[in-house]
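Take a look at the structure set out below.
Numbering of ligands and ligand atoms starts at 1, following listing order. Throughout, residue positions are numbered sequentially from 1 according to the sequence presented. As the structure is a prediction and not an experimental result, all values here were calculated from the model.
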Amino acid sequence: MSFTQYLREKADSIWQANHKHPFVQEIGSGTLDIEAFKYYMKQDYLYLIEYSRVFALGAVKAPDLETMAIFSNYLQSTLNEEMALHRSYAKRLGISEEELENEEPAATTLSYSSYMISEAQKGSLAHLIAAILPCAWSYAEIGQTLATIPGAMDHPNYGEWVQMYQSEEFAEIANWLKQQLDSLTASVNEKEKEQLEAIFIRSSQFEYLFWEMSYQQRSWT
Ligand SMILES: Cc1ncc(CN)c(N)n1
């Protein structure tokens, strides 16, 4: 079993809870309260700014030009494709770009993004990837699952979201990160693997907290 398959198994109960979370389920059924979605969009935009910085740090830590170019490509696609989805939703939902950028991060957004940046800065490239892999991989898994629900991809509010996260291009990011982590861990010791597992689990837990925060529209209290 590859190391990333092992991580996926270890995190399975958290990932199943993410799949079953009402925010995710109601995107699939199209019944999610639009106010919760607006709240999510604004917080997720802030989150993605910090997530983009992690890709930039990946380019800094990359061992060769090819890896550097791929990190810079994913930095570009997050800023200009994934975040374009948020800008387009914001426009449609009556949120200005200024409002998007000036939104105050909620407690979970700040903790999750600070956690990722901190692991990415202080650790090796493997630590950086372990911190962002649940983000790329769990959204691809959720997008692909929701896409199997009849009508989910055509829903007037949530269809575009499902289309983005079920796409091949989006899944490619997770697949590439998995390959990198598997090859970087081919010769690391058990202690290092335990550290990477702890990071992967923590980011998976933050993914759950992010759905919960968005569903409850909870900021700091
Ligand atoms: C919180 C969160 N996690 C992951 C993703 C997918 N990049 C996202 N947009 N937001």
Side-chain angles (χ1 to χ4, degrees), residues 7-8 11 14-15 17-19 21-24 27 32 36-58 70-71 73-90 93 95 100-101 103-120 128-147 158 160-178 199-219:
L7 293 178
R8 174 67 187 81
I14 309 163
W15 284 45
N18 286 339
H19 278 283
H21 194 281
F23 192 99
V24 172
I27 283 193
L32 180 67
F37 190 68
K38 278 191 200 172
Y39 186 77
Y40 161 82
M41 272 292 155
K42 289 194 275 184
Q43 289 298 317
D44 203 46
Y45 199 71
L46 297 181
Y47 168 84
L48 287 175
I49 296 171
E50 304 310 313
Y51 179 66
S52 299
R53 287 190 216 284
V54 180
F55 279 116
L57 285 167
I70 297 175
F71 271 112
N73 192 20
Y74 291 147
L75 165 63
Q76 185 296 118
S77 68
T78 305
L79 290 172
N80 298 316
E81 291 166 25
E82 188 173 358
M83 289 170 75
L85 175 82
H86 292 56
R87 287 188 283 272
S88 135
Y89 264 116
L93 299 171
I95 306 163
L100 257 190
E101 280 168 34
E103 172 84 356
E104 279 291 311
T108 299
T109 311
L110 187 63
S111 330
Y112 188 9
S113 51
S114 306
Y115 176 72
M116 277 186 318
I117 297 271
S118 154
E119 290 303 330
L128 179 152
I129 295 175
I132 55 170
L133 182 56
C135 167
W137 190 0
S138 74
Y139 266 53
E141 215 184 85
I142 286 170
Q144 286 163 16
T145 306
L146 295 184
Y158 307 125
E160 268 185 64
W161 189 97
V162 178
Q163 283 171 33
M164 159 73 73
Y165 292 112
Q166 63 82 45
S167 69
E168 280 285 318
E169 298 75 41
F170 191 80
E172 256 176 41
I173 306 178
N175 290 337
W176 182 77
L177 290 171
K178 280 190 257 176
I199 297 170
F200 185 87
I201 296 284
R202 183 66 77 226
S203 284
S204 299
Q205 290 166 328
F206 270 125
E207 285 295 328
Y208 180 85
L209 291 175
F210 208 92
W211 296 125
E212 185 61 13
M213 167 197 79
S214 304
Y215 198 66
Q216 305 295 345
Q217 300 173 55
R218 187 176 301 134
S219 186

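Annotation: Tyr51 places no N or O atom under 3.5 Å from an N or O atom of ligand 1; distance criterion only.
For atom 3 (N) of ligand 1, the closest non-hydrogen atom on the protein side is Glu207 OE2, 2.8 Å. When only non-hydrogen protein atoms are considered, atom 7 (N) of ligand 1 lies nearest to Glu82 OE2, 2.9 Å. If you check which protein heavy atom lies closest to atom 1 (C) of ligand 1, you get Asp44 OD1, 3.5 Å. Atom 4 (C) of ligand 1 has as its closest protein heavy atom Cys135 SG, 2.8 Å.
Ring-plane geometry between Trp211 and Tyr40 is classed as parallel, the angle between the planes falling under 30 degrees on a 0 to 90 degree scale with a further cut at 60. The aromatic rings of Phe23 and Tyr215 stand perpendicular to each other, their planes meeting at an angle above 60°, with 30° marking the opposite boundary.
Applying the 4.0 Å criterion to heavy atoms of Tyr165 picks out, from ligand 1, the atoms 9 (N). For ligand 1 and Phe210, the ligand atoms under 4.0 Å from any heavy atom of the residue are 1 (C).
With a heavy-atom cut-off of 4.0 Å, Leu48 touches ligand 1 through its side chain alone.
Heavy-atom separations between Phe206 and ligand 1 are all 4.0 Å or longer.
Tyr45 has its side chain within reach of Arg87: a pair of non-hydrogen atoms, C-beta onward, lies under 4.5 Å apart. Side chains of Glu82 and Phe170 form a contact here, defined as non-hydrogen atoms less than 4.5 Å apart.
The distance from the CZ atom of Arg202 to the OH atom of Tyr115 is 6.0 Å, given to the nearest 0.5 Å.
Phe206 has its ring centre no less than 6.0 Å from the ring centre of Phe210. Centroid-to-centroid, the aromatic rings of Trp176 and Tyr74 come within less than 6.0 Å.
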